[in-house]
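What follows is a single structure, written as structure tokens, with notes after it.
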Amino acid sequence: MQSFHPQRRLLMGPGPSDVHQRVLDAMARPTLGHLDPDFQGLMEEIKGGLKALFQTENRMTYPVSAPGSAGMETCFVNLVEEGDKVVVVKNGVFGERMRQNVLRAGGVAVMVEFEWGSAPDVDVVAETLAANPDARILAFVHAETSTGVCADAAELCALAKKHGCLTIVDAVTSLGGIPVRVDEWGVDAIYSGSQKCLSCTPGLSPVSFSEAALEKIRNRKSIVRSWFLDLTLVMDYWEGDGGRSYHHTAPVNALYGLHESLVMLFEEGLQAAFERHRMAHDMLVGGLSDMGLDMFVDEAVRLPQLNAVAVPEGVDEAGVRTRMLKDHGVEIGAGLGPLAGKIWRIGLMGNSARPECVERCLGALSASLAAGHNS
Ligand SMILES: *Cc1c(COP(=O)(O)O)cnc(C)c1O
């Protein structure tokens, strides 16, 4: 075997996004023991940074030692008990994954489905909640990465409260790219990922839980069906005032990376980061329009950080992506499920949400489309 030296690509798909050299450098620093006092200080800083990012005072805010899917599973496996009814909003890939999580936790999923590419209709969700007065939880995706649609999280959370439900919110693609206001909205459980708008490497999942969520977990009649993700155990590791107890070995160097990406985000300022994502989006949409390409999602519900572009009639969707990667070193994403072959997904997440990245992506797309016409 030989050492692996990957080429540098510009990552502009649905994640992972472009990782800043400062984050990579941070990860190359000396590994500490995971119970070393210096490392514990770093853990505290990460928790504080994540609280600011989630805009919450929730004590139980920390990064799960695994990718976004594990954060998703942490929320469901802790909050859903045998027989619990969960209303799940689905308008893309990740709503379906939520359903799978409910079933595995022993719950009953009541689905409210919307067309891929459209936003959840709050009135329809309200009808479903009214028709299911025994529902305990409402689960929805804030930023649906498979389509580039933003859900009205404030409205959906308010609705859940009105119907006596807790909320589980997928903020994997939203966190760091658009505002996520956990306390103001009244979110009870939320999960994200390190590799989207935080521009860190994949493999960590920030989560946060409200007091009401913790109360439901404390009152469980049965034990949590996952040992690794059981919050009551993990928290002794991440909280443990006056000495942490061993639960698992934290991915020490990965956490250096997350810490550095948070440092960079707060140096820039959250508001400035949101504005940068918005400006990159406007620039991309303008450039696509100049090329005669149409956006797939209505302007009112578009995410700035995930852009679904309609593939023109007769264009070889996969061929264009392959040329962009091979000839230009730029990665963009394909459509999933019913949108396979119909859209490209261009991510403007974190470090990829910069004018020079947008320019390079537009140039690569334009050249790859032209090369397709000539071949
Ligand atoms: C990427 C993503 C996930 C899964 O995260 P992984 O880190 O790939 O496990 C979940 N939900 C949404 C909306 C995502 O975009």
Side-chain angles (χ1 to χ4, degrees), residues 11-19 23 50 54 62-77 88-102 104 113-114 116-120 139-153 156 167-180 182 187 189-208 226 228-229 251 254-255 257-258 261 277 297 301-308 331-337 339 343-350 352-353:
L11 301 179
M12 297 191 70
S17 59
D18 200 56
V19 180
V23 172
L50 291 178
F54 276 124
Y62 72 99
V64 174
S65 299
S69 304
M72 177 187 272
E73 196 141 344
T74 302
C75 292
F76 284 92
V77 83
V88 177
V89 178
K90 174 180 162 185
N91 60 336
V93 164
F94 294 99
E96 177 57 26
R97 289 202 180 171
M98 286 179 150
R99 186 176 84 89
Q100 291 296 326
N101 270 270
V102 172
R104 278 164 171 76
E113 304 206 16
F114 301 95
W116 289 43
S118 64
F140 67 90
V141 179
H142 183 208
E144 186 39 89
T145 322
S146 60
T147 60
V149 166
C150 187
D152 190 337
L156 289 169
T167 45
I168 298 180
V169 179
D170 180 321
V172 175
T173 282
S174 48
L175 194 68
I178 52 174
V180 174
V182 168
V187 175
I190 191 162
Y191 57 92
S192 189
S194 48
Q195 79 277 28
K196 310 239 171 156
C197 294
L198 300 183
S199 257
C200 185
T201 50
L204 290 169
S205 177
V207 294
S208 185
S226 162
F228 184 64
L229 302 176
L255 288 166
L258 179 61
S261 71
H277 281 86
V297 168
V301 295
R302 264 179 219 160
L303 289 167
Q305 67 271 48
L306 195 290
N307 296 272
E331 179 183 273
I332 65 167
L336 300 174
L339 298 179
I343 60 167
W344 290 299
R345 289 183 299 154
I346 301 180
L348 297 171
M349 300 181 182
S352 311

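Atom set for the values below is all heavy atoms of this structure, side chains included, hydrogens, waters and symmetry mates excluded. One-based numbering, in listed order, for ligands and for the atoms of each. Quantities reported herein were computed from a predicted structural model and do not represent experimental measurements.
Annotation: side chain of Asn91 is not in contact with side chain of Glu113 (no heavy-atom distance under 4.5 Å). Between Trp116 and Ser146, some side-chain heavy-atom pair lies under the 4.5 Å cut-off.
Contact between Pro14 and ligand 1 is absent, with no heavy atom of the residue lying under 4.0 Å from the ligand. Within the 4.0 Å heavy-atom shell around ligand 1 one finds Gln195.
Shown here for Ser194 and Gly203, the closest heavy-atom pair between the two residues is OG-N, 3.6 Å.
Backbone and side-chain nitrogen or oxygen atoms of Gly68 are examined, and one is located within less than 3.5 angstrom of a nitrogen or oxygen of ligand 1. The shortest N or O to N or O distance between Arg97 and ligand 1 is not below 3.5 Å.
Near Asp170, meaning under 4.0 Å from one of its heavy atoms, ligand 1 places the atoms 10 (C), 11 (N), 12 (C), 13 (C). Near Thr173, with a cut-off below 4.0 Å to any heavy atom, the atoms of ligand 1 are 15 (O). Interface of Thr145 with ligand 1, defined as ligand atoms under 4.0 Å from a residue heavy atom, comprises 12 (C), 13 (C), 14 (C), 15 (O). Counting the atoms of ligand 1 from 1 in the order shown, those under 4.0 Å from a heavy atom of Ala143 are 13 (C).
The protein atom (non-hydrogen) at minimum distance from atom 4 (C) of ligand 1 is Ser69 OG, 3.7 Å. In terms of protein heavy-atom proximity, atom 3 (C) of ligand 1 is nearest to Phe94 CE2, 3.4 Å.
For the residue pair Ser199 / Ser261, no side-chain donor-acceptor distance below 3.5 Å is found, with atom types taken as modelled.
Here Asn101 pairs with nothing under the side-chain hydrogen bond (donor to acceptor under 3.5 Å, both in side chains) rule; sequence neighbours left out.
Residue-level proximity to ligand 1 for Lys196 is carried by the side chain, the only part with a heavy atom below 4.0 angstrom. By the criterion of a heavy-atom distance under 4.0 Å, neither the backbone nor the side chain of Ser205 is placed next to ligand 1.
The NE2 atom of His142 sits 11.0 Å away from atom OG of Ser192, with the distance rounded to the nearest 0.5 Å.
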Between side-chain atoms of residues 62-74 and protein atoms elsewhere (two or more places apart, or another chain), which donor-acceptor pairs fall under 3.5 Å?
from, atom 1, to, atom 2, distance (Å)
Ser65, OG, His248, NE2, 2.7
Thr74, OG1, Ala70, O, 2.7

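Here the side chain of Arg345 pairs a donor or acceptor atom with the backbone of Thr145 at under 3.5 angstrom.
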